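For reference, the structure is listed below as structure tokens.
All values below were derived from every heavy atom in this structure, side-chain atoms included, with hydrogens, water molecules and symmetry-related copies excluded. Keep in mind that this is a model prediction, so the values were computed, not measured.
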Amino acid sequence: QVQLVESGGGLVQPGGSLRLSCAASGNIFSISTSTMGWYRQAPGKERELVGTITSWRSTNYADSVKGRFTISRDNAKNTVYLQMTSLKPEDTAIYYCNADRVPTLSRTRYLELWGQGTLVTVSS
């Protein structure tokens with residue numbers, strides 16, 4: 001019953017902002033040691049990496065979003081965020097959250113987790 005759940009998607013005007021959240025829950029100990037990633041998939045295109053954040057909060061972004069998107073995390077809430085600003089129509093996609101090597105509550109197993117996605121539509 002381990003889950004990653006994305007939220008915060010919706011319709012936004014070009015140039016607008018949106019904040020996505022990704023919350024982990026279930027039989028896990030913590031995401032604090034895990035690298036978290038945001039991915040997106042636009043209509044008719046393959047899934048692409050948007051950015052990542054490590055356990056020590058080092059971030060990396062795709063060139064297409066660099067300077068506009070910011071990834072952050074709140075380990076106490078088992079949550080990672082994607083703050084999106086200066087949104088463009090080409091940012092329209094389903095956004096997915098990923099967690100790498102998440103320990104279970106017993107800390108005897110490690111899981112890779114994917115969320116089900118949240119749709120972001122940038123249009124006037």
- Note on the structure: Of Thr92, Leu20, Leu82, Ile94, the one forming a side chain to side chain contact (heavy atoms under 4.5 Å, CB included) with Val120 is Leu20
- State, with a plain yes or no, whether a side-chain heavy atom of Ile71 is found less than 4.5 Å away from one of Thr52. no
- Considering only heavy atoms from C-beta outward, does the side chain of Leu49 approach that of Tyr61 to under 4.5 Å? no
- Shortest non-hydrogen pair, Thr79 vs Ser21, comes out as CG2-CB, 4.4 Å
- Query: Other than Val5, which residues form its hydrophobic cluster under the rule that side-chain heavy atoms must be closer than 4.5 Å?
  - Reply: none
- Task: Please list, chain by chain and in numerical order, all residues satisfying side chain to side chain contact (heavy atoms under 4.5 Å, CB included) with Pro43, sequence neighbours excluded.
- Result: none
- Note on the structure: Sequence neighbours excluded, the answer for side chain to side chain contact (heavy atoms under 4.5 Å, CB included) partners of Thr85 is Ser17, Arg68, Gln83
- Which residues satisfy the salt bridge (Lys or Arg N to Asp or Glu O under 4.0 Å) test with Lys66, sequence neighbours excluded? Asp63
- Message: Once salt bridge (Lys or Arg N to Asp or Glu O under 4.0 Å) is applied, do any residues pair with Arg73, and if so which ones, sequence neighbours excluded?
- Response: none
- ring pair (Phe, Tyr, Trp, His ring centres under 6.0 Å) with Phe69: which residues, sequence neighbours excluded? none
Donor-acceptor list for residues 26-34 side chains, cut-off 3.5 Å, not counting sequence neighbours:
residue: Ser30; atom: OG; partner: Ser32; partner atom: N; Å: 3.0
residue: Ser30; atom: OG; partner: Ser32; partner atom: OG; Å: 3.1
residue: Ser34; atom: OG; partner: Asp100; partner atom: O; Å: 3.0
residue: Ser34; atom: OG; partner: Arg101; partner atom: O; Å: 3.0

Would you mind writing out the side-chain donor-acceptor pairs for residues 108-118 within the sub-3.5 Å range, not counting sequence neighbours?
residue: Thr108; atom: OG1; partner: Ser106; partner atom: OG; Å: 2.7
residue: Glu112; atom: OE2; partner: Asn98; partner atom: ND2; Å: 3.4
residue: Thr118; atom: OG1; partner: Gly9; partner atom: N; Å: 3.2

- Could you name each residue pair satisfying salt bridge (charged side-chain N to carboxylate O under 4.0 Å, His left out) that touches residues 76-87, not counting sequence neighbours? none
- Query: Is there any salt bridge (charged side-chain N to carboxylate O under 4.0 Å, His left out) pair reaching into residues 23-48, and which pairs are they, with sequence neighbours excluded?
  - Reply: Arg40-Glu48, Arg40-Asp91
- Supply the atom-to-atom distance Ser72 OG to Ile53 CD1, rounded to the nearest 0.5 angstrom. 6.0 Å
- Message: If I take atom CG from residue Leu18 and atom CG from residue Leu87, how far apart are they, to the nearest 0.5 angstrom?
- Response: 6.5 Å
- Would Ser123 and Leu11 satisfy side chain to side chain contact (heavy atoms under 4.5 Å, CB included), going step by step from the backbone distance to the final call? CA-CA 7 Å; Ser123 176; Leu11 176 65; 4.2 Å; yes
- In one Ile/Leu/Val/Met/Phe/Trp/Tyr side-chain cluster, 4.5 Å: Met36, Tyr39: no
- Could you check Trp38 against Val80 for side chain to side chain contact (heavy atoms under 4.5 Å, CB included), going step by step and ending with a plain yes or no? CA-CA 9 Å; Trp38 283 98; Val80 64; 4.0 Å; yes
- Give every residue pair that meets the ring-ring contact (aromatic ring centres under 6.0 Å, His included) criterion with at least one member in residues 81-106, sequence neighbours excluded. none
- Pairs in or reaching into residues 67-124: which pass disulfide bond (SG atoms under 2.5 Å apart), with residues at least two apart or in two chains? Cys22-Cys97
